[in-house]
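In this text, all values refer to a predicted model and were calculated from it rather than measured experimentally. Each residue takes its place number in the sequence, starting with 1.
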Amino acid sequence: MAVRWLCSLFGKPFDGGKRMDHGGPQQQQQQQHPMEQQYHQQQPYHPQHPAMMRLYEVQKEVASLGPQVCHFSGLQNDRDYKRLERDLTRLLLEVDQVDTEGKPELQGARKRAAQEVEGLLRYLEENASHPSRQAIEELSNEARQLVDERVVAPQRDGGVAEINDELVDALQEIILRLTQVKTEGRVPLRKARYRALTRLCAVQDVIEGRTQQQTLSLPLSGDTHEAVHRINQVMVKVSVARSQLVALLMGLSGRDSCAHLSRILTEMQVELDALDVSGNAAIRNYRKQVVEEINGLLKHLDLEGEGDDTRRYDLAQNNSIREIEAVRAHVSHLREGVLRHCVMGDLSFRPKAELQSLLTHLDAVDTAKNPCIREARRRAVVEVQAIITFLDLREALARRQPGPHEHPSHRSVWLVLGSLSDLQAQVLGFDGKRADKSYMMLEELLTKQLLALDAVDPQGDEMTKMARKQAVKFAQNILNYLDMKTDEWEY
């Protein structure tokens, strides 16, 4: 398809998440335009023919619009979408009006030019109307409404914003759902998801900073020092600027701009720097805290061009993701070894120290507050912990020596744990999809074990109660792990 050539030339994947080979700059320069290939492959047919020259001009316009189409991550009602659609439609009409005089070579060239334009139009429309793009927009709107109701609208009406842990948790839940939106590897979708995440994470960071600031004993009394009154005035302005920043990040401010707010905050810094607070450590510390809060707001004002750099949203190129993937590869190797020895009944292979060191390594991975990297690290941690709990239960079952006076209900719980251990081995080795029969069988068997535990009557025995509670949690963790392995999550 012609648009596939265009997108590969621009270094972008196309169609259903299928990656194209980007190649280096030299390789891209050597790659010929299909129209140019046509000139070389067929015997020349009046290269100066007006129809051929017009088609070549169209091809040059298509080549200039191609990168814009492949980078566009908005919706169909966006101004840039309408401009691109209008320009491509115009080119399509111009191609259709080229007079080929019934000559096959010219007809072939016109057909190929039309296919390129139609391909770009189709790619533009598919990404802007893709279900995942709609899901990203719906989640963004949900977050926008939440922030507007709890933060922006109250302060706009002269009231007090409802900033608390409940709001922070609600935002975190939306962020998690955003990370789970499938992009099929399409650059526009990945870019749209990244933009939404960066803005929402910035808002969360600003709000969390506000909740922490509320615990400080600020502002100080104006009677303490003449500079305190001016610092207090700046604090009031900072509070207003914080709400303006949240509104900007969430697209709830039609008047302000990031550049304008940046100037206001910078002026506040200049005003604070000019204050004479020498000889008073408490006031110096107060000013320092206010300056730090301003700096915290300023760092979120560079999001205008966020997402234009491919390395930002193509996390396969991210060093932290590469670290996590290296750990996952090591975990996969250890998991295979553990399962292989278990099949042979050999419990001597217990790489728990190595697994614990991998957990330490994962804990040190820098996520840069990126929710996708955080989720990737969390999932890697779950993979390691699944093997550790499997080994722990195997060892516990091997050491178990029930006494003659063991409570019957307690024995029943251990029987279920033995079955869960066998099922967990199958879950660890499972590498299929949710539609597979083996998945449905494992899910059903694990659910039966939960029902069996539910049927155990402790008869007042505290040890049985505790053992059953732990067994239920263990079974649920296996189910969750099986669910995680098959949810087709992506960066």
Whether the [X] and [Y] side chains hold a donor-acceptor pair (N or O, under 3.5 Å, no angle test) is what I'd like checked.
| X | Y | answer |
| --- | --- | --- |
| Gln145 | Glu149 | yes |
| Arg190 | Thr183 | no |
| His130 | Glu126 | no |

Pick out which of Gln76, Arg186, Arg133 makes a side-chain hydrogen bond (donor to acceptor under 3.5 Å, both in side chains) with Asn127. Arg186
May I ask you to decide if [Y]'s main-chain N or O and [X]'s side chain share a donor-acceptor pair within less than 3.5 Å?
| X | Y | value |
| --- | --- | --- |
| Lys485 | Leu428 | yes |
| Gln424 | Ala386 | yes |
| Asp483 | Leu479 | no |
| Asn141 | Glu137 | yes |

Does this structure show an ion pair linking [X] with [Y], if we count only N-O contacts that are shorter than 4.0 Å?
| X | Y | value |
| --- | --- | --- |
| Arg122 | Glu125 | no |
| Glu173 | Arg177 | yes |
| Arg379 | Glu375 | yes |

Between Arg230 and the options Arg287, Glu271, Met235, the side chain to side chain contact (heavy atoms under 4.5 Å, CB included) test singles out Glu271
Return the orientation label for the Phe72 and Tyr81 ring planes: parallel under 30°, perpendicular over 60°, tilted otherwise. tilted
